[in-house]
Colleague: 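Quick one: the structure is below, questions incoming.
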Amino acid sequence: MKKRPVFIKVLSLILSLTFFLFAFASCKKEDGEVPQTQTADPNLKDLTGFTIVRDYNTNYVTKDDILSFKENINKFLGIDMPVKIDVDFAEVEKEILIGKTDRAASTEALNKLKKQTDKDAYIIEITENKICILGTTEKATVRAMRVFVNDYVKLSSANNLNVSKGKTYASFYDSDKILTLSNGVEIETVVAPTTLMTAEMNKIFGYVVDASSTHYPSIIELQHQPNPEDNGKLIAHFCLRDSRYASDACFMESTNGGKTWNLLSRPVEQSTAGIADSLRPGQMAHIYELPAAVGNYPAGTIVYASGSINYSVRSEIWIWYSTDCGKTWKQTAEIAEGGCVDPVPGWHKQSGVWEPFLWYDGGYLYCFYSDDTDLNHDQKLVYKRSKDGVNWENAVDVCTFDDPSARPGMFIMTKMGNGEYFMVYEYVSKGKAPIYYKTTKDITQWDSENPGTLIATPNGKTMNSAPSCIWVPTGGDCGTLIVSASSTADELFISFDYGKTWSTFENPMPYTAKDLDSSSGKPGYSAGFWLGADQRTVYFINTTTSDKIKKCRIQFTSFRIY
């Protein structure tokens, strides 16, 4: 995406905050969050002249926490603040108060928090000369410090703090929802796993569908809609085999952050000329919201790259567009065409086109996909791009290997904070499908003959088949990379150094393929990730199963990284 000027980014964030004053102790937000408040004063806070203070009588957070906090302020704002730790320090006019200091401002902020809840919580309160950052426990205070650095300091410019004076932010710190990793990073559940589709959920359609054959989920949070009330809606898509319907495409919508879901649409494509058996759209598909205009399609348009397939005849990849938040769709441009799994007239064996992935960058809409049509390669990864969303340039290779039997496939990509694009794919060869990654600073250049790097932990743990990935700005100086695959049923892979080293953490939606017959779908295949507008929340959708439910289901959860 094009980078916006810093001033515009700052102004945009300020205007997006809620500009009204509320009675702090009178109401609560959904999800258990204590409400936020924001006055209408648009002046940015200048941190020059402030001193960081931790009262020696409380010893509430460690010296390392305080020094790290100071270093972050200096790094992002260019202010080398004085720090007072473990000393009897007389009050000065401008202070950042960490934890339960002996200052009146700290006491007042803590009292506000205690009036609102008796649960573990934290608060950030900013006045003209005092910034109070504290929680009811040490962990909650450290959380408040992380929120302050990531939400205010990192998004600031020069020595101006990206928030109006008079702002108060508070939230619960529910340890039951928090997974703390070995490096101190916290992964907090926002919405516990919810189920969008199972065989039992027949009331959505009025009859029982073959929900066992559901897979390849994709998800977005609307963030660029012309009607601001539509922003924040979640749109999910997955392949749903339904013998009563001429489409495998299924779109669902949530207006409450993923707690509940409603059927949105099931688009049916136009017939392909010359094809006796109609193709079914909605297979191996991907959805994406345009952050900027492409041709006649404005920002906020939802793009849908759909595999239209009849496995005994033909495969095609089409681009569809929706300008009404997914309610209706227009089938617009064919990206690629090929044969299918079995030999058919005009195509060699295994000659299809599969697994599209969409991305906008530098004025172009990109579609990456797996391509079987090259006789010199069993399969390769390629991309096409378009300036207007209708006319597409010729394919460019992303992965093409010397071994003609190698099958690189299932491209998924994210962009990291260092400006590099990070992509994952399965490197199928000799009956195995380990997950590799490649990076590039130029989305048009991928060094196609270079396989990249195998993803593995220090003890040699790897993952296999059908990967997905997301980069999140929070979690450390390099942000956080998360990668899933069909084999990551119990744990996901995570990196805090742009992919140089890897570890694992508990999968929030574990599943099992035990005793699952081949007709019951593809658990874990190409899970969907999306980064929320707050740049911290991860939306995660996947195909799962359990020992009790032998058929595949589509599940959703969300979590935040601190």
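Since the structure is predicted, the reported quantities are computational estimates derived from the model, not experimental observations.
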Colleague: Using salt bridge (charged side-chain N to carboxylate O under 4.0 Å, His left out) as the criterion, list what pairs up with E188, not counting sequence neighbours.
Modeller: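 With neighbours one apart ignored, the set is R143.
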Colleague: Would R54 and D65 count as a salt bridge (charged side-chain N to carboxylate O under 4.0 Å, His left out) if you check the C-alpha gap in whole Å, the side-chain angles of each, and the deciding distance to 0.1 Å?
Modeller: CA-CA 11 Å; R54 187 198 74 175; D65 288 329; over 6 Å; no
Colleague: I'd like to know if R103 and E95 make a salt bridge, using a cut-off of under 4.0 Å between side-chain N and carboxylate O.
Modeller: yes
Colleague: Under the ring pair (Phe, Tyr, Trp, His ring centres under 6.0 Å) rule, collect the residues that match up with F529, sequence neighbours excluded.
Modeller: F540
Colleague: Can a salt bridge be assigned to the pair K112 and E125 using a cut-off of 4.0 Å between side-chain N and carboxylate O?
Modeller: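 A salt bridge is present here (some side-chain N lies under 4.0 Å from a carboxylate O).
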Colleague: Run the ring pair (Phe, Tyr, Trp, His ring centres under 6.0 Å) test against H237 and tell me which residues pass, sequence neighbours left out.
Modeller: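 Counting only residues at least two positions away or on another chain, H237 forms a ring pair (Phe, Tyr, Trp, His ring centres under 6.0 Å) with F251, Y304.
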Colleague: Given M463, which partner from the list L454, V483, T457 fulfils the side chain to side chain contact (heavy atoms under 4.5 Å, CB included) test?
Modeller: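 Of the listed options, the one satisfying the test is V483.
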Colleague: Would D151 and R146 pass as an ion pair if we require N to O under 4.0 Å?
Modeller: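 Looking at D151 and R146, the cut-off is not met.
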Colleague: Holding to side chain to side chain contact (heavy atoms under 4.5 Å, CB included), I want the full list of residues that pass it with T136, two or more places apart in sequence or in another chain.
Modeller: L110, L113, D120
Colleague: For F556, enumerate each residue passing the ring pair (Phe, Tyr, Trp, His ring centres under 6.0 Å) test, keeping only those at least two apart in sequence or located in another chain.
Modeller: W261
Colleague: If you look only at pairs with a residue in residues 483-507, which of them pass as a salt bridge (Lys or Arg N to Asp or Glu O under 4.0 Å), with sequence neighbours excluded?
Modeller: K461-E491
Colleague: Looking only at heavy atoms, what is the nearest atom pair of P523 and S486, with distance?
Modeller: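 Shortest heavy-atom contact: O-CB, 3.9 Å.
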